[in-house]
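We count residues from 1, following the sequence as given. First listed ligand is number 1; within each ligand, the first listed atom is number 1.
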Amino acid sequence: MTPTPPLAVVVLAAGRGTRMRSARPKVLHELAGLPMLAHVLRTAQGLEPAHLAVVVRHERDAVAAAVAEHAPEALLVDQDEVAGTGRALEVAVQALGGFEGDVLVLSGDVPGTGAPTLDPLLRAHREGGHSVTIVTARPADPSGYGRVIRDGQGLVERIVEHRDASDAQRAVDEINAGVYLFRTDGLAARLAALSGGNAQGERYLTDVVAALRTEGHRVGAVETSVDQVAGVNDRAQLAAAARRMNDAIVLRHQLAGVTVLDPLTTWIDATVTLAEDVEVRANTQLLRATTAGAGAVIGPDTTLVDCEVGERARVNRTDGTLAVIGAEAQVGPFAYLRAGTVLHAGGKIGTFVETKNAEIGAGSKVPHLSYIGDTVVGERSNIGANTITANYDGVHKHRTVVGSAVRTGSHNVFVAPVVIGDGVYTGAGTVVRKDVPPGALALNVAPQRNIQGWVETNRPGTDAARTAAAASGTAEQDEDGDA
Ligand code: UD1
Ligand code: MG
């Protein structure tokens with residue numbers, strides 16, 4: 001058996017991406033939470049190549065920053081003003097110096113390529129002794145792609161770009177996927193010999209295939225499924241690629257023991273981690289570095305960005321970013337968890353509650369209609385309905401500290417900075433401006449006055465006055481002579 005030749009991967013990412021009509025470089029448009037290019041770099045890294053090179057030019061610095069983030073080991077290669085995929089590979093091969101072996105070419109705008117394509121490609125190339133092996137597919141609509149032209153024996157003869165193709169060639173449904181495996185022997189010379197005599201005036205990498213055939217070299221091809229190789233050139237193709245990638249991610253989680261009730265309305269980034277027996281309900285987006293522990297139930301109608309959901313926690317109709325939700329905690333419905341929210345085990349952030357930079361201790365609850373910001377709450381405390389932390393004095397943010405086993409009344413305002421001690425009670429409607437020592441009851445609401453007969457005197461003839469008059473027998477028992 002001949003030894004496996006060393007492998008270099010070249011990712012082409014220098015093109016303009018004109019059809020995206022975007023200020024952002026095409027390869028940095030995102031799907032499944034990562035720039036398109038990062039998906040391709042991850043695929044390349046999975047092959048553990050001896051060299052990884054990325055060709056850049058358009059919006060070079062932005063693309064280079066993404067490469068530095070997602071594949072710091074990669075060699076950046078600058079393409080010059082000579083345009084075309086052929087030139088892109090040429091400068092990469094030059095940058096690889098005297099590298100000898102196989103060069104896998106991936107396009108930065110084909111994010112869906114993976115092992116189902118690359119494993120057969122590597123095998124066919126090595127076993128067949130090809131100078132180049134191309135990847136092909138048969139999409140329902142081949143327009144825009146280069147067409148694979150085969151000879152009478154079915155061998156690949158050349159690739160013709162859509163723009164340069166005759167009507168007969170355009171009728172061919174087999175397309176060039178833009179993924180190639182080349183042997184380095186003689187490749188540099190063939191790339192150097194490319195001309196730009198085509199509709200775009202660019203040096204097409206695809207023309208190397210015809211050159212190799214003419215010189216009597218073996219050109220191989222492996223066909224793969226369309227979703228593996230769909231290129232992204234405009235926003236419609238971006239959405240379609242994102243959909244396919246999401247389908248694959250959802251399937252991966254399902255097979256790993258996650259219940260996804262409605263895959264069509266569930267979006268999970270490639271970077272999300274879910275344990276067994278997580279249940280994800282309809283209309284839910286789990287994004288970025290979000291994780292969920294075993295038995296957590298998330299959704300419906302929930303968006304979590306960079307959140308950590310504990311085991312058996314329940315998160316219902318919630319929008320959360322950079323929040324930690326403890327084991328068996330409950331969130332929602334209709335909760336808004338902003339950055340720095342930490343809800344400990346068994347705690348609750350309930351209905352119409354907004355939290356920010358707020359640590360809610362184990363078993364503590366903020367059940368209804370509240371804003372809790374820049375706050376620490378101890379354990380087993382209950383924050384009454386409709387409580388607001390007034391954390392901002394117009395210039396600075398201040399902290400509210402609430403102890404453990406505290407019971408605050410409904411409709412409180414905690415005017416920060418303020419400290420509410422352990423075991424404190426507060427009355428309904430209290431505006432807490434001063435620290436409350438442990439075990440105290442804080443009150444600052446004026447005594448209630450009832451002005452007897454006020455409605456009949458001041459709103460005569462109204463429904464309220466008539467109904468009050470009819471009920472006056474009962475009303476009299478409540479009078480306290482304040483009229
Ligand atoms: C290319 C192929 C086409 C194939 C299709 C598959 C050529 C000539 N055509 O067409 O046969 O069906 O991909 O998706 O190769 N790039 C550079 N430098 C350049 C030009 C492009 O690095 O000068 C990069 C782009 O950033 C992109 C990739 O090469 O990642 C492909 O370029 P693109 O312009 O999208 O080629 P297609 O028209 O899609
Ligand atoms: Mg393309």
| query | Quick check, are the ring centers of H51 and F99 under 6.0 angstrom apart? | reply | yes
| field | Shortest protein heavy-atom distance from atom 39 (O) of ligand 1, along with the residue and atom involved | value | N233 OD1, 3.6 Å
| task | Any atoms of ligand 1 less than 4.0 Å from a non-hydrogen atom of Y204? List them with their elements. | result | 8 (C)
| remark: Nearest heavy-atom contact between P25 and E59 is CG-CB, 3.4 Å
| Proximity to ligand 1 by part of E161, non-hydrogen separation under 4.0 Å | side chain
| Taking the six-membered ring for Trp, are H130 and H125 parallel (under 30°), tilted (30 to 60°) or perpendicular (over 60°)? | perpendicular
| Does the protein put a heavy atom under 4.0 Å from atom 13 (O) of ligand 1? | no
| field | Nearest protein heavy atom with distance in Å, relative to atom 34 (O) of ligand 1 | value | R19 NH2, 4.3 Å
| request: With heavy atoms under 4.0 Å as the rule, classify the contact between A88 and ligand 1 as side chain, backbone, both or neither. | output: side chain
| Should the proximity of D109 to ligand 1, defined as any heavy atom under 4.0 Å, be assigned to the side chain, the backbone, both, or neither? | both
| query | Within less than 2.8 Å of the Mg ion (ligand 2), any N, O or S from S107? | reply | no
| Nearest heavy atom to atom 21 (C) of ligand 1: which of T85, V54, V63 does it belong to? | T85
| query | Which protein heavy atom lies closest to atom 4 (C) of ligand 1, and at what distance to 0.1 Å? | reply | N176 O, 3.2 Å
| message | If we set the cut-off at 4.0 Å for heavy atoms, which region of K26 has an atom near ligand 1: side chain, backbone, both, or neither? | response | side chain
| field | T284 side chain to V280 backbone, donor-acceptor under 3.5 Å | value | no
| Side-chain H-bond candidate by donor/acceptor type, Q79 with E90, under 3.5 Å | no
| note | min-distance protein heavy atom vs atom 16 (N) of ligand 1 -> G15 N, 3.5 Å
| note | Among the N/O/S atoms of D109, the Mg ion (ligand 2) lies closest to OD2
| query | Taking atom 6 (C) of ligand 1 as the point of reference, which of G144, A230, A177, G146 owns the nearest heavy atom? | reply | A177
| Mode of E202 contact toward ligand 1 - side chain, backbone, both, neither (heavy atoms, under 4.0 Å) | neither
| query | Any protein heavy atom lying closer than 4.0 Å to atom 36 (O) of ligand 1? | reply | no
| query | Do you know which two heavy atoms are closest between A296 and V309, and how far apart they sit? | reply | CB-CG1, 3.8 Å
| task | Measure the distance from atom 23 (O) of ligand 1 to every protein heavy atom, then report the residue, atom name and distance (to 0.1 Å) of the closest one. | result | G84 N, 2.7 Å
| Check: T224/T117 side-chain N/O donor and acceptor closer than 3.5 Å | yes
